[in-house]
Amino acid sequence: MNQSVTNGSANTSMVNVIYVLYLLALISGVTALIGVIVAYVYKDDAPEWLRTHYELQIRTFWMGLVIGAVGVVLSWVLIGIPVLIALAVWWIIRCVKGLRYVGERQPYPNHLGWGL
């Protein structure tokens with residue numbers, strides 16, 4: 001059996017809800033705050049493969065917050081607009097990939113990195 005494939009008993013509903021909340025945050029930013037709180041609550045009790053998703057979601061929130069703040073400040077000199085667009089694309093890719101890996105019941109590879 002492939003070690004990255006997990007048992008079928010883990011409940012993936014909350015991690016999926018958080019990914020959806022993060023995607024909705026592109027319209028209403030408050031849903032990301034709700035998502036990160038839920039990720040902190042559920043992370044410790046999750047199996048190891050699912051914990052990679054919670055850790056990715058927590059890191060995505062904090063990195064997104066910092067990059068978003070920099071983008072907003074730099075938007076006064078117009079450099080921030082491309083930064084904010086790149087942030088939105090990065091955010092969407094991480095969420096969509098996360099949903100795909102959860103659907104395949106796989107851990108998120110390189111969940112502690114900055115990349116996609």
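Keep in mind that what you see is a predicted model, and the values were worked out from it rather than measured. Throughout, numbering of the chain's residues begins at 1 and tracks the sequence.
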Checklist outcome for this item: Output for pair (Tyr101 OH, Leu56 CG), nearest 0.5 Å, gives 10.5 Å
Next on the checklist: Applying side chain to side chain donor-acceptor pair (under 3.5 Å) as the test, list every pair that has at least one member in residues 18-38; sequence neighbours left out.
Outcome noted: Tyr19-His53
Item to check | Under 3.5 Å: donor-acceptor pair, side chain of Gln57, backbone of Val15 | outcome: yes
Item to check | Steps toward side-chain contact (heavy atoms from CB on, under 4.5 Å) verdict (Leu23, Leu99) | outcome: CA-CA 11 Å; Leu23 289 170; Leu99 286 166; 4.1 Å; yes
Checklist outcome for this item: One should read off an interatomic distance between Ile58 CD1 and Ile37 CD1, to the nearest 0.5 angstrom, of 11.0 Å
Checklist entry - So how far is it from Arg51 CZ to His111 NE2, rounded to the nearest 0.5 Å? => result 9.5 Å
Checklist entry - For the atom pair CG (Leu26) and SG (Cys95), what is the distance rounded to the nearest 0.5 Å? => result 7.5 Å
Next on the checklist: Counting only heavy atoms not in Phe61 (residues, nucleotides, ligands), do more than 12 fall under 6.0 Å from its CZ?
Outcome noted: yes
Next on the checklist: Within the structure provided, determine whether Met14 and Val38 are in side-chain contact (heavy-atom separation under 4.5 Å).
Outcome noted: yes
Pairs under 3.5 angstrom only: tabulate donor-acceptor contacts from the side chains of residues 62-89 to other protein residues two or more places apart or in another chain.
residue: Trp62; atom: NE1; partner: Tyr40; partner atom: OH; Å: 3.0
residue: Ser75; atom: OG; partner: Val72; partner atom: O; Å: 2.6

Item to check | Distance-minimising heavy-atom pair for Trp91 and Ala32 | outcome: CZ2-CB, 4.1 Å
Item to check | Value rounded to 0.5 Å, distance of CG in Asn110 from OG1 in Thr52 | outcome: 11.0 Å
Checklist entry - When rounded to the nearest 0.5 angstrom, what is the spacing between CD1 in Ile92 and NZ in Lys97? => result 14.5 Å
Checklist entry - Which heavy-atom pair separates Leu112 from Arg59 by the least distance, and what is that distance? => result O-NH2, 2.7 Å
Checklist entry - Can you check whether Asp44 reaches Tyr54 side chain to side chain, under 4.5 Å on heavy atoms? => result no
Checklist entry - Is any side-chain heavy atom of Thr60 closer than 4.5 Å to a side-chain heavy atom of Trp90? => result yes
Checklist outcome for this item: Residues Thr12 and Arg105: closest non-hydrogen pair is CG2-NH1, 3.4 Å
